[in-house]
Amino acid sequence: MFFMNSLEQQINELAKAAVKSLYAVEATDEQIQLQKTRPEFEGNITLVVFPFVKIARKAPQQVAAEIGEWLMANGQKLIAKFNAVQGFLNLVIDDAFWIKQLEAIDADGQYGRFDRPSDKALPFREGEGVGSPLMMVEYSSPNTNKPLHLGHVRNNLLGYSIAKIQEANGWKVVKTNIVNDRGIHICKSMLAWLKYGNGETPETSGKKGDHLIGDYYVRFDKEYKKQISELMAAGKDEETAKREAPLMLEAQEMLRKWEANDPEVRALWAKMNSWVYAGFDETYKRMGVSFDKIYYESNTYLEGKSEVEKGLASGAFYRREDGSVWADLTKDGLDEKLLLRSDGTSVYMTQDIGTAKLRFQDYPIDKMVYVVGNEQEYHFKVLSILLDRLGFPFGKELVHFSYGMVELPNGKMKSREGTVVDADDLMDKMIEDAREISKDKVNTLQGITEEEANEIARKVGLGALKYFILKVDPRKNMLFNPAESIDFNGNTGPFIQYTYARIQSVLRKSVSPKDGLSSVSVSGFTGAAGLSLDSKELALIQRLCEYPATVRTAGEDFSPAILCNYAYALACDFNSFYHDLSILNEPDETKRALRLLLAKNVAKVLCSSMALLGIEMPDRM
RNA sequence: GGUCCGGUAGCUCAGCUGGAUAGAGCAACAGCCUUCUAAGCUGUGGGUCUCGGGUUCGAAUCCCGACCGGAUCACCA
């Protein structure tokens, strides 16, 4: 494995030695503060010397100069020169170091991938096995009563990307999905379909199954509201009307029948769910997400019920007079939580308990991560306590990866009211837009087949969508304005894809891509020839060196956004380099070889980082 | 009301484990294609980092307090 931040490590040690030698004090890691040199100053890496000013009893500028001199004298040629500005010691690293780094990166086929998670991320069963610890990542978790919308898109993209990022960090990852395939909401769609559907199917209507079912969910809500207002007009108050509306009573009856295994209800349920799954599969496939193991609530809720019963027996929970079962969480600073309704049916929490138990039976999970919106923070706080109370050792260790909502300009999306941005429609739109834009590219895309053009549009359109969503800090709410289309210019997925495509084009045109790529001689840049790295070349190498540490941080912080920022910065650096310096037309062979090597590795890292985001790269666009 | 999260350019967002003159993109304006892909590059304008205190050599960043916005505290999921 290529070690991360080798430069920072080396400077760290040198700086400690310098401080010890100059001021007879052992500096701590905390005191050695390194940062990238700001572009307006000369240098690559900067040591902040303020922490030593008191120790040295000298002016910051002088301390910086002294340390600089010492490093020059004792740094084994690592540091070519330095300048001291106020309390900042800017170090210029010798070209030879950078060339060696680039060669090491090029030689590393797994650059940016780790064998083991960092100590910081190690799980609670640490030290148990050899090999990689196992992380299970739950994401998506749809209800089967409506199609996926933009909120699900954010969830799916985050979940998939998190899984990829953790894999790169040395975890074995099992991607999982819990399908909420039962419950009152499903019954609502079923009931509406029975009453108003006239036997409509995906085949007869030509609609995707999930959309068809979604339509009936909306229909239920419409008819239900109508009944409520009728009841209210007849003198009932709103609460009573909501509770006594015939449609609601029927839906509840249907749920009871479902739990009682009523054959007719079950058959209808199975049929309608199968339509939905076919629709979901299509959407997932297109989105590029996948799962290693899918759980269905209908298979786990009984397990949950039996766990609740056990908890009841052990005194962890209690039953009220009406028969409902509760957990008292007041000692944990929370409320009382319902686990089973008075009619015996289970709720969301019940099911989650059962699912958790089954998962830990099925896999040797070291860390369980739930990718679920921040609106459910309370739920997972409670789940964690309940599992712990039921005696499951993993209860306390659950990670709720809580991400922010996607908001529209006028507020939240509401499925029942139809104010949602549909996932399928959005992907269609993005791909269409990409196709439209690429029509102007007659020069670069001439001679490609219709199929290739479609494939490029697909990658670019989805790339734009994915990057747009993933570049935002996952913890924060984000805004999506349907009236403004997602950009293809600037800080976007297509910008990074474009950079990659440019590099591929250069590599295709280089007479023999293999020639010269591996034969850059360090001495060519340090010996008598007197070659030196251009600042643009150097910036690129330095950026490439930051990749492994970026992957680490993205893993520890569960943040695809960090990788977006990195990939964008790398692409910016490359485009600037590409603009200023010629690769193929460079007459000096050593320089040309170096630039080709650089281009090749920039492409490699761009592709690798985008892959961790689930974004595919086109070879041309 | 309790708890949690957020407030940075006209808009969307970085930066937040304290460091140099707060950054990108979009939008606006001005340049750059007989030269490796102009989905690119360069430049201009645009800021009381919500407000007020505190900590210190140094605060967008940490602490306290306001104000504003959001989430949550269901026999919904």
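First the proteins, then the strands, lettered A, B, ... as listed; each starts at 1. The basis for the numbers below is simple: all heavy atoms, side chains too, and nothing from hydrogens, waters or symmetry mates.
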* Report the residue (K381(A) or S324(A)) whose heavy-atom-nearest nucleotide on RNA chain B is the more 5′ of the two. => K381(A)

* T499(A) near the nucleic acid: base, sugar-phosphate alone, or nothing, with a heavy-atom cut-off under 4.0 Å? -> nothing

* Asked: Just checking Q86(A): base, sugar-phosphate only, or nothing, at a heavy-atom cut-off of under 4.0 Å?
  -> nothing

* Select base, sugar-phosphate, or nothing to describe what S438(A) touches, counting heavy atoms under 4.0 Å on all strands. => base

* Taking the same atom, C1', in rC16(B) and in rG6(B), what whole-Å distance lies between them? -> 13 Å

* Report which part of the nucleic acid F50(A) touches: base, sugar-phosphate, or nothing (heavy-atom distance under 4.0 Å, all strands). => base

* **Selection from rG40(B), rA77(B), rA71(B) that lies nearest to any side-chain heavy atom of Y498(A)** => rG40(B)

* To do: Using the C1' atom as the reference point in each nucleotide, state the distance between rA71(B) and rA9(B) in Å, no decimals.
  => 28 Å

* Between rA28(B) and rG46(B), how far is it from one C1' atom to the other, in whole Å? -> 10 Å

* **Rounded distance in Å between the C1' positions of rA30(B) and rU37(B)** => 24 Å

* Asked: Pick the nucleotide of RNA chain B nearest each of F88(A) and M405(A); which residue has the one closer to the 5' end?
  -> F88(A)

* Quiz item: D487(A) side-chain donor-acceptor pair to rA27(B) base, under 3.5 Å -> no

* Y568(A) aromatic ring stacked with six-membered ring of rA24(B), 5.5 Å and 30° -> no

* Within the structure shown, what part of the strands sits under 4.0 Å from Q497(A) by heavy-atom distance: base, sugar-phosphate, or nothing? -> nothing

* Asked: Any idea which of rG70(B), rC73(B), rC36(B) is nearest the E407(A) side chain?
  -> rG70(B)

* On a whole-Å scale, what distance lies between the P atoms belonging to rC11(B) and rU55(B)? -> 34 Å

* Could you walk me through whether Q497(A) and M621(A) pass side-chain contact (heavy atoms from CB on, under 4.5 Å), step by step? => CA-CA 8 Å; Q497(A) 292 171 317; M621(A) 65 185 272; 3.8 Å; yes

* With a non-hydrogen cut-off below 4.0 angstrom, is D473(A) in contact with a base, only sugar-phosphate, or nothing? -> sugar-phosphate

* **Spacing of the P atoms in rG52(B) and rU8(B) (rounded, Å)** => 16 Å

* Rounded to whole angstrom, note down the C1' distance from rU21(B) over to rG15(B). => 16 Å

* Report the secondary structure of RNA chain B in dot-bracket form, marking unpaired bases with a dot and bases paired to a different strand with |, and treating Watson-Crick or G-U pairs with both distances under 3.5 Å as paired. => ((((((((.[[[[.)...(...]]]].(((((.......))))).....[[[[[..)....]]]]])))))))....

* Asked: Going by atom types only, do N374(A) and R475(A) share a side-chain donor-acceptor pair under 3.5 Å?
  -> no

* Asked: Hey, are the side chains of E138(A) and V372(A) touching, using non-hydrogen atoms and a 4.5 Å cut-off?
  -> yes

* **Side-chain (E297(A)) to main-chain (V179(A)) donor-acceptor, under 3.5 angstrom** => no

* Within 45° cone of W269(A) ring axis and under 6.0 Å: R182(A) NZ or CZ -> no

* Interatomic distance at C1', rG10(B) relative to rA27(B), whole Å -> 8 Å

